[in-house]
Amino acid sequence: MTGKARALVGALCALWLTAGAAGDPADQLPNPAQEGRARALFQEIRCLVCQNESIDDSEAQLADDLRRIVREQIRAGRTDAQVRAFLVARYGKFVLLKPPFDAGTALLWLGPFGVLAAAAVIVWRRRPTAHVADEPPLTREEQEKLNRLR
Amino acid sequence: MIVELGAFALTLAFCLSVAQAGLSFAGRRWRNASLRGAGEGAALVVFAAIVLAFASLTTAFVTSDFSVLNVANNSHSEKPLLYKIAAVWGSHEGSMLLWDLALTGFGAAVVLAGGGLPTNLRSVTVGVQGLLGLLFIGYTAFASNPFIRIPNPPVEGASLNPILQDPFLAIHPPFLYSGYVGFSVVFSLCVAVLIEGRVDAAFARWVRPWALAAWSLLTIGITLGSFWAYYELGWGGWWFWDPVENASFMPWLAGAALLHSAIVTEKRGALTGWTVFLGLAAFTFSMLGAFLVRSGILTSVHAFAVDSKRGAMLLAILALAGGGGLGLFAWRAPGLKPGGLFAPISREGALVINNLFLATAALIVMLGTLYPLIYKAVTDQPLSFGAPAFNLMFGVLMTPVLLIMPAATLLSWKRADAKGAVQRLWAAALAVVGAVALAYLLQRPKTGFALLGVGLGVWLIAGALSELAHRVRLGATTLHDSLTRLTHLPRSAIGMTLAHIGVGVFVLGACVELNGRVEVAKVVATGETVDIGAYHLTLSGVSTVEGPNFTAERAKVEVRGPSGSGALFPERRFYPANRQTVSQVAIDVRGASDLYVVFGERREGARPTWLIRAYWNPFARLIFLGPLIMALGGALSLSDRRLRLVAGRKAVAAAQTKAAT
């Protein structure tokens, strides 16, 4: 993104100062269950022109359009997965704040847990019993001293 | 003139940092007390010079000297005095000067409080601190100088982003930066230990108080920032997993791990290499944060002037200092001697688990922040990894470790009885059952995650109290005896209990708030009412208010509800200097919960109406109270007689006199 485009986006997103637009009563779906699902989805969808915000938080025009799309689709009876698939087909994976698990994101989703497991194995392997073996064996004098104590 | 003096002082500080590093290393090399002393003296003068530079920039802001570019870009003559002062660190250049102030301040503190360290270790530490000063003061002076004059000064300044015109700008960055940079002392000490090639008791005793100080300050800094976002952004969010927040969270996690591993190193002489590694990692994360926040390679909701050229320089600093430290670790750490013995089930074992999880948490934050960049570089496709993804990963990772935390604190050193420790938690388990049952009966709306959060939070709080009760033998002896024991407990023990209670309070607040938040939005005319839960909000009037540098539309919202009635005054402020409108929310604190009211835009019609947005944020206060309790615990531990730096020095002095006689 060029500097100018970035500045423009910044100006557009200046509106985020008064964010929280998703709850505007005029836009809400009449069915509370559907509205609840829409709000939950909003939190997973990125406002593409904003600086790292979900469309639930953003007051940018694009966020407003995306919210309308999501609400329309839900009203039309689409499932959450279908709505997500529609948005990904249109805007790419970038639109999802929780990226799907696939070959490209496996390292991201599993990497930390893999490292944790590997570290746990290393720690267990090198657990202090190994150090006990490292301790020098008793010298003959020490052994005799020990025998006398017994 | 004053500004030129500041510019001179900044350059002087850079030159003296060279001297600080050079003299200290030379003093170590030739074992020369005069050279060492000169290096330490230079560290003090560097600090004095940066204080002078900082004072002169502050003067330029207070007197609205718009011939200084930084002042012209970030200040305005009509701004209140507090924000003129706070604007000193509101910009890129000024915030780097604040960073330098903290860095050299900690450098001077090492010199003043460092009497307890072995001479060679102290010289190398002061020298490394000088090298860090060299890098950062050099960057400030040559690439990000706040003292640059402009030939044709404007009549009026461009003013500061209105969202930054808040009392929290005055206190949040100083705490945050002191925390970030406080880890530099730990970093320098660890580098010194690696150079000297041996770890003695002094290192372990030394690293802990500095880590405690830095971590406590960082905790307060992050909490203040979070609370600021909570009431400023206008919809009650307090943590967004934004790159800028993650930048502060990574050193915090590394620091928390360091605090725990340093205990093992100090008490049992084990985990030495790991403690050194964490000491290096904490400040490396701080530097990574400084780079991420200012380079503009990541998009963030937190506005900061970004510049890719400066970003490249900060990356070079990160590579030099962080890479240098970690490279030194890879080279020298294998030579550090392994420490004491312990069985897997022991306090040491539990602290190892704590460290594995905290380090993995830091890794998740780092990977989640940086992976989209790598992904974009490889596939040319952008990728998001946002709040819902982080929440999932953190939930999975942290839940098990929080569950075992109360039992872990009850284990004894070397070899412990796990069954005994768990049995001692029966009271805590009862408290959990009671609290979850009560929450189930009272909670509206009912969500499973909120109940889980209540259970986990109460488990942590009650578990920490159980440990304290066990320590003072409550129930096993007379009450009087228990109280006597309590007053004789070392402060670090009470500090630990407090910090762990703080974790519980935070978990309780965060889970309940995130899952139990209620939101209502309604367009109303004056005299009409918005209902949220058991509360009734009536818009009784709207007036126009003139502020010092803004005009505001102020609503009077009357609140009626279960615990009394009152009035709230949310505003919409227009700042003509920036042509920006900012919402000023009003919060009615009800116990630990918040009634959060936002006054929206005016809608013209037959008669004017306004959008009122109201949130019921249950237990929201606990989210900010918890970390403050953690920081208080850290501060209390720091004040422990055994850890106190001056006391350590006195002990050494006493030992030396004794040896001399």
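Just so you know, these numbers come straight off a predicted model, no measurement behind them. Chain letters run A, B, ... following the sequence lines, proteins first and then strands; every chain starts at 1.
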* Asked: Within a radius of less than 6.0 Å around CD1 of B/Ile345, do more than 12 heavy atoms belonging to other residues, nucleotides or ligands occur?
  ->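 Result for CD1/B/Ile345: open.
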
* Asked: For B/Pro382 and A/Phe94, which heavy atoms make the closest approach, and how far apart are they?
  ->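 That would be CB-CD1, 3.3 Å.
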
* From A/Arg46 atom CZ to B/Leu383 atom CG, the distance as rounded to the nearest 0.5 Å ->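 It comes to 9.0 Å.
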
* Please indicate whether A/Asp102 has more than 12 foreign heavy atoms, meaning atoms of other residues, nucleotides or ligands, lying under 6.0 Å from its CG. =>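 Enclosed: over 12 neighbouring heavy atoms sit under 6.0 Å from CG of A/Asp102.
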
* Aromatic ring centroids of A/Trp109 and B/Phe385 under 6.0 Å? ->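 Yes, they do, as the ring centres are separated by less than 6.0 Å.
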
* Out of curiosity, A/Phe113 CZ to B/Ile364 CD1, how far, rounded to the nearest 0.5 Å? ->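 Taking CZ in A/Phe113 and CD1 in B/Ile364, the distance rounds to 4.5 Å.
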
* Minimum heavy-atom distance between A/Leu96 and B/Ser384, given as atom pair plus value ->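 Minimum heavy-atom separation between A/Leu96 and B/Ser384: O-CB, 3.1 Å.
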
* Measuring heavy-atom distances to chain B, does A/Leu108 have an atom under 4.5 Å in its side chain, in its backbone, in both, or in neither? ->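 Looking at A/Leu108, backbone and side chain both touch chain B.
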
* Evaluate the side-chain proximity of A/Leu116 to B/Leu397: yes if any heavy-atom separation is below 4.5 Å, no if none is. =>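 Sidechains of A/Leu116 and B/Leu397: in contact.
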
* To do: Give, for atom CZ of B/Phe390 and atom CG of A/Leu97, the distance between the pair rounded to the nearest 0.5 Å.
  =>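 Reported to 0.5 Å precision, the distance equals 10.5 Å.
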
* Does any heavy atom of chain A fall under 4.5 Å from the side chain of B/Ile353, the backbone, both, or neither of them? ->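 B/Ile353 has no heavy atom closer than 4.5 Å to chain A.
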
* Side chain, backbone, both or neither: which part of A/Ser54 has a non-hydrogen atom closer than 4.5 Å to chain B? ->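 Contact with chain B is absent: no heavy atom of A/Ser54 under 4.5 Å.
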
* Heavy-atom contact with chain B under 4.5 Å, split by part of A/Gln43 ->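 The backbone, not the side chain.
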
* Asked: Is any side-chain heavy atom of B/Leu363 closer than 4.5 Å to a side-chain heavy atom of A/Val115?
  ->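 B/Leu363 vs A/Val115: side chains touch.
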
* Contact summary for A/Ala120 and B/Leu356, nearest pair of heavy atoms ->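 So the minimum-distance heavy-atom pair works out to CA-CD1, 4.1 Å.
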
* To do: For A/Phe86, check ring pair (Phe, Tyr, Trp, His ring centres under 6.0 Å) against everything at least two apart and list the hits.
  =>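 Once residues adjacent in sequence are excluded, A/Phe86 has no partner under the ring pair (Phe, Tyr, Trp, His ring centres under 6.0 Å) criterion.
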
* Determine whether more than 12 heavy atoms belonging to other residues, nucleotides or ligands lie under 6.0 Å from atom CZ of B/Phe449. =>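 It does not: B/Phe449 CZ has 12 such atoms or fewer within range.
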
